[in-house]
Amino acid sequence: MNLRAPKGTDDVFPPESRAWRRLLRTWDDLSERYGYELVMTPSFEHTEVFARGVGEATEVVEKQMYTFEDKGGRSLTLRPENTAGVVRAYIQNGRTGVFKGAYSGAMYRYERPQEGRRRQFWQLGVEYLGESHVDADLEVIELGYRFLLEAGLGDIEVLVNSIGDPADRVAYNELLTSWLTDRADLLSSDARGRIESNPLRVLDSKVDGDVLGDSPTPADHLSEETAAHYAALVEGLEAREITYRKAPRLVRGLDYYNRTVFEYVPKLYAAAQNTVGGGGRYDGLAELLGGRHLPATGLALGLDRILVALGDRPPPRALDVFLVIADPSLRAEARDFARRLRDAGVRTDFVAGERSVKAQFKAADRRDAAVVAVIGEEWSDGKVTVKDLSSGEERLVVAGDLPGWMDR
RNA sequence: GUGACCGUAGCUCAGUUUGGUUAGAGCGCCUGGUUGUGGUCCAGGAGGUCGGGGGUUCAAGUCCCCUCGGUCACCCCA
């Protein structure tokens with residue numbers, strides 16, 4: 001029996017899980033305040049949803065998918081990303097017009113694990129469907145930016161670019177292909193192999209950076225309309241005081257993107273996998289999946305990576321009050337008292353069985369409670385002895401006043 | 001898929017170079033130091049297939065081979 005979690009997966013326990021809980025709540029709250037409703041789609045889809053949506057020639061589809069046949073002979077795939085699934089659901093459910101959806105969930109890609117790259121990883125994201133205006137792109141970028149700041153990741157830089165519309169890319173691809181072909185002998189074999197299949201992808205190759213330094217870029221070959229869209233995007237970032245940098249060779253690994261693409265990079269985080277989020281516009285995806293034309297834009301944030309980038313920080317406290325029941329005959333009263341505290345929003349706990357006072361204090365300490373409230377002889381006066389566990393200070397407090405007392 | 005480094009107690013590691021008695025430390029855990037007080041302090045205790053398999057040897061944690069696992073980087077992407 002192999003008792004290990006599978007390669008590239010993690011168990012999240014306290015105290016690390018406290019930071020997870022905090023960020024999941026922040027996300028839920030922030031996305032709701034921006035008007036995004038919760039959307040939940042299956043963890044697996046028919047393989048073709050990703051093959052067609054994400055793109056046959058992408059790394060993700062070519063070699064990173066967890067694909068399996070179920071007992072009914074269907075080819076299914078664990079979602080490597082969530083956008084294709086949400087768009088599939090929008091089409092299937094016959095929705096029309098604008099839909100703003102937020103999600104949070106595990107994604108799966110078969111890769112060699114390393115820092116910030118897991119086989120099961122958690123993404124937070126939004127999809128803004130049915131809106132072609134650049135303000136939708138801007139809202140999405142702002143939302144992700146705000147989240148990262150609230151998470152505690154100061155100093156975020158948003159890398160932005162425009163890769164144009166498919167029409168722009170016909171001419172550009174031709175130009176790029178011939179430019180790359182002229183220099184094929186200088187390129188890595190990986191890059192050479194992509195000249196025919198997916199020339200745009202060559203642009204973000206790390207090893208070929210030197211060669212690519214003066215290559216033609218997509219943003220310099222836009223139609224009037226897409227150029228205006230990009231200009232308005234940059235202007236909007238300025239107006240929102242979002243720290244950004246134009247990254248002319250930023251392209252995305254998923255085929256469905258057009259026009260706007262962006263990534264979030266924390267300036268002070270030096271690992272190889274330092275992109276904590278990214279996204280862009282994908283006006284063509286719905287059609288690829290067999291629906292009608294649907295302008296859309298969205299973003300995904302890598303929660304695992306955000307937490308790695310945050311580094312080791314003192315974990316937030318998880319418990320406010322720990323009840324110590326000094327007189328076992330008061331157990332029922334203690335239980336009611338705990339319920340009142342919990343109803344008042346005070347995080348409260350106590351040991352389940354009958355244990356010595358010493359053991360109960362020890363439990364309180366191990367759970368990292370802020371204070372202990374002792375329920376014993378003072379209960380007959382309606383009071384509890386409250387001890388601050390970090391200072392050791394003790395005082396008598398009227399039981400009903402404890403929630404308010406905690407707020408001080 | 002490619003490469004480098006690393007696997008000894010729950011965790012962090014020493015011991016491996018130069019093979020040699022019952023494999024160690026710190027932290028953590030459990031018990032005790034009498035009444036209703038944790039954390040600190042003192043005393044005791046539990047806990048190890050030295051990742052696994054094979055080989056060399058009188059003798060292997062230590063040397064050789066294979067294998068599994070981990071980490072980081074390439075690649076890819078959140």
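All heavy atoms count here, side chains included; hydrogens, waters and symmetry mates do not. A, B, ... follow the sequence lines: proteins, then strands. Residue 1 opens every chain.
For A:F361, taking side-chain heavy atoms from C-beta onward, the closest of the listed nucleotides B:G38, B:C75, B:G36 is B:G38. Of all nucleotides listed (B:A78, B:U71, B:G70), B:A78 comes nearest to the side chain of A:R117. Among the nucleotides B:U37, B:A73, B:A78, the one closest to the side chain of A:V374 is B:U37. Nearest to the side chain of A:V357, among B:U37, B:C76, B:G70, sits B:U37. The A:E59 side chain lies nearest to B:C75 when the options are B:C75, B:U37, B:G38. Proximity note for A:Q114 (side chain, C-beta onward) versus B:C72, B:G38, B:A78: the nearest is B:C72. Closest to the side chain of A:R366, from the set B:C75, B:G3, B:C29, is B:C29. Considering only side-chain atoms of A:R112, the nucleotide from B:G39, B:A78, B:A73 that sits closest is B:A73. Closest approach to the A:E111 side chain among B:C76, B:G39, B:G70 is made by B:C76 (side chain taken as heavy atoms from C-beta onward).
At a cut-off of 3.5 angstrom, counting only N and O atoms as typed in the model, there is a donor on one side and an acceptor on the other between the side-chain of A:E378 and the base of B:G36.
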Could you go step by step and tell me if A:E333 and A:I375 meet the side chain to side chain contact (heavy atoms under 4.5 Å, CB included) rule? CA-CA 9 Å; A:E333 281 85 345; A:I375 298 173; 5.6 Å; no
Between A:L203 and A:L176, does a side chain to side chain contact (heavy atoms under 4.5 Å, CB included) hold up when you go through it step by step? CA-CA 10 Å; A:L203 288 185; A:L176 179 62; 4.1 Å; yes
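In terms of position along RNA chain B, the nucleotide closest to A:R355 lies nearer the 5' end than the nucleotide closest to the other residue of the pair A:W122 and A:R355. The residue among A:K7 and A:E81 whose nearest nucleotide of RNA chain B lies closer to the 5′ end is A:K7.
Distance noted for atom C1' between B:G48 and B:A23: 9 Å (whole Å). For the P atoms, the distance linking B:C74 with B:C63 amounts to 32 Å, nearest Å. Between B:C58 and B:G19, the two P atoms lie 15 Å apart (nearest whole Å). Spacing of C1' atoms, B:U62 relative to B:G15, comes out at 9 Å, to the nearest Å. A distance of about 16 Å separates the P atoms of B:C64 and B:A60, rounded to the whole Å. B:C76 and B:A14 are spaced 39 Å apart, taking the C1' atom of each and rounding to whole Å. B:C50 and B:A25 are spaced 16 Å apart, taking the C1' atom of each and rounding to whole Å. The P atoms of B:C66 and B:A59 are separated by 23 Å, rounded to the nearest whole Å.
Aromatic ring orientation, A:Y110 versus A:Y66: perpendicular (interplanar angle above 60°, classes split at 30° and 60°).
Distance alone, capped at 3.5 Å, places no donor-acceptor pair between the A:R335 side chain and the A:L330 backbone.
Summarising the geometry of A:Y172 relative to A:P216, their closest heavy-atom pair is OH-O, 2.6 Å, with the distance given to 0.1 Å.
In this model, the phosphate group of B:G70 is not approached by any side-chain N or O of A:R118 to a distance below 4.0 Å at OP1 or OP2.
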